[in-house]
Amino acid sequence: MHFTNAKTILSSNNVMNVYRGCMHGCIYCDSRSACYGMKHDFTDIQVKQNAPQLLKETLKRKRKKCMIITGAMCDPYMPVEKNLCLTKECLQIINNYNFGISVLTKSDLIMRDLELLTEINNKAKCVAQMTITTHNDNLCKIIEPNAPLTSIRYKTLKKIGEYNIPTIAWISPILPYINDTQENIKGLLDYCADAKVHGIVCYNIGLTLRAGNREYFYSKLDEYFPGLKEKYIREFGESYEVISSHNLSLMNMIYEFCNKYNIEYNIKKLFNFMSSYQNNIDAKQLRLF
């Protein structure tokens with residue numbers, strides 16, 4: 001872990017990354033890709049120590065309220081956040097200035113800030129997103145070794161939803177020949193139904209591989225799934241998109257399930273929902289009159 005002072009904290013699309021790099025150790029992580037130009041080891045977390053101050057200055061200047069979106073390059077609730085509390089400080093600022101938040105994580109540490117997220121949702125809008133890829137917790141320990149187990153993430157989604165905060169599950173990525181099975185997808189979907197999620201994000205049954213993350217992924221295949229790397233190379237070559245042969249049947253399974261339980265799965269609609277700001281204070285005041 002090392003500290004730095006960032007020059008900016010929000011992208012042009014209002015995406016915020018308080019940290020850079022990740023501690024969860026997921027074997028498939030696209031953020032390891034060389035194209036992102038990370039100049040330090042991926043597990044040597046870069047901490048933007050001035051993130052709260054930058055965010056406060058930025059939100060003060062914004063003329064129009066909007067959703068602030070945590071990026072996919074890191075997890076805002078990595079273990080370092082437990083002591084540093086930079087994500088929490090940023091949430092407090094977002095709440096103070098009546099902006100909205102859409103947060104994506106794999107960690108139940110988000111529960112620490114549930115009261116704050118609820119307050120943001122009551123005043124503006126909060127969307128809580130959780131990635132779940134592997135229903136079997138033993139397999140989860142291999143694929144996502146330092147992240148909380150999927151069973152814990154499911155319980156976290158369910159609890160957050162009980163506070164009327166809309167939740168979205170990312171069922172992605174799914175790894176060919178590892179967890180691209182009906183049993184796995186059904187288990188994840190059952191979690192989603194019980195947690196009453198608003199939506200499910202799943203582009204395809206597969207993953208992406210490119211320079212940087214491909215080499216790391218293959219090294220982990222050699223470590224935990226001997227012989228599977230060679231199968232990937234024969235079947236997928238240097239392809240960026242690695243799509244399971246079960247893609248069509250499993251995606252149809254997801255669509256049918258979502259239609260049955262009235263869960264949104266249209267990617268465009270979900271991203272519009274996550275990025276669309278809502279001022280609940282003004283809405284409540286209007287209803288009074």
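Residues: numbered from 1 along the sequence shown. Just so it is clear, the values below take in all heavy atoms, side chains as well, and ignore hydrogens, waters and symmetry mates.
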For [X] and [Y], indicate whether the former's side chain and the latter's backbone hold a donor-acceptor pair under 3.5 Å.
{"X": "E81", "Y": "T87", "answer": "yes"}
{"X": "N266", "Y": "K269", "answer": "yes"}
{"X": "S11", "Y": "N13", "answer": "yes"}
{"X": "E57", "Y": "L54", "answer": "no"}
{"X": "T131", "Y": "W170", "answer": "no"}
{"X": "N247", "Y": "N204", "answer": "no"}
{"X": "Q46", "Y": "G21", "answer": "no"}
{"X": "N136", "Y": "L139", "answer": "yes"}
{"X": "T181", "Y": "N184", "answer": "yes"}
{"X": "S107", "Y": "L109", "answer": "yes"}

Subject >> From CA spacing to verdict: salt bridge (Lys or Arg N to Asp or Glu O under 4.0 Å), R32, E215 >> reply: CA-CA 10 Å; R32 293 180 181 274; E215 292 80 4; over 6 Å; no
Subject >> From CA spacing to verdict: side-chain contact (heavy atoms from CB on, under 4.5 Å), D190, F257 >> reply: CA-CA 9 Å; D190 286 343; F257 191 93; 3.8 Å; yes
Out of curiosity, [X] [atom1] to [Y] [atom2], how far, rounded to the nearest 0.5 Å?
{"X": "L91", "Y": "I94", "atom1": "CG", "atom2": "CD1", "value": "5.5 Å"}
{"X": "L270", "Y": "S102", "atom1": "CG", "atom2": "OG", "value": "10.5 Å"}
{"X": "C22", "Y": "M78", "atom1": "SG", "atom2": "CE", "value": "5.5 Å"}

Original post:
Between K158 and Y191, is NZ or CZ placed under 6.0 angstrom from the six-membered ring centre and within 45° of the ring axis?
Top reply: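 So K158 doesn't make the cation-pi contact.
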When you compare the side chains of [X] and [Y], does any donor N or O come within less than 3.5 Å of an acceptor on the partner?
{"X": "Y163", "Y": "N121", "answer": "no"}
{"X": "T167", "Y": "Q129", "answer": "no"}
{"X": "N98", "Y": "K123", "answer": "yes"}
{"X": "D108", "Y": "Y77", "answer": "no"}
{"X": "K56", "Y": "N96", "answer": "no"}
{"X": "K48", "Y": "N5", "answer": "no"}

Subject >> CA sep, side-chain torsions, deciding dist, call: D75, Y19, side chain to side chain donor-acceptor pair (under 3.5 Å) >> reply: CA-CA 8 Å; D75 193 312; Y19 305 105; over 6 Å; no
Original post:
Which of parallel (below 30°), tilted (30 to 60°) and perpendicular (above 60°) describes Y203 and F271?
Top reply: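 Correct class here is tilted.
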Looking at [X], I want to see if its [atom1] is surrounded by more than 12 non-hydrogen atoms of other residues, nucleotides or ligands under 6.0 Å.
{"X": "N164", "atom1": "CG", "value": "no"}
{"X": "K65", "atom1": "NZ", "value": "yes"}
{"X": "E230", "atom1": "CD", "value": "yes"}

Original post:
Could you walk me through whether F99 and M67 pass the side-chain contact (heavy atoms from CB on, under 4.5 Å) check?
Top reply: CA-CA 6 Å; F99 281 75; M67 296 293 286; over 6 Å; no
Contacts under 3.5 angstrom, residues 172-180 side chains, donor-acceptor by atom type, not counting sequence neighbours:
unit_1 : atom_1 : unit_2 : atom_2 : d
Y177   : OH     : E235   : OE1    : 2.4
Y177   : OH     : E235   : OE2    : 3.3
N179   : OD1    : L175   : N      : 2.6
N179   : ND2    : T133   : O      : 3.1
N179   : ND2    : T134   : OG1    : 3.2
D180   : OD1    : Y177   : N      : 2.9
D180   : OD2    : Y177   : N      : 3.4
D180   : OD2    : S244   : OG     : 2.6

**OP:** Please assess F273 against H198 for the test ring pair (Phe, Tyr, Trp, His ring centres under 6.0 Å), listing each intermediate value before the final yes or no.
**Re:** CA-CA 10 Å; F273 173 75; H198 171 80; 4.2 Å; yes
Original post:
For Y216, which fellow cluster members are found when Ile, Leu, Val, Met, Phe, Trp and Tyr are connected by side-chain heavy-atom distances below 4.5 angstrom, either directly or through intermediates?
Top reply: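 None; Y216 is a cluster of one.
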Original post:
What are the two closest non-hydrogen atoms of N213 and S33, and how far apart are they?
Top reply: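 It is OD1-OG, 3.3 Å.
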Original post:
Same hydrophobic cluster for Y28 and M130, using side-chain heavy-atom links shorter than 4.5 Å among ILVMFWY?
Top reply: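 As far as the 4.5 Å side-chain criterion goes, M130 and Y28 are not connected within one cluster.
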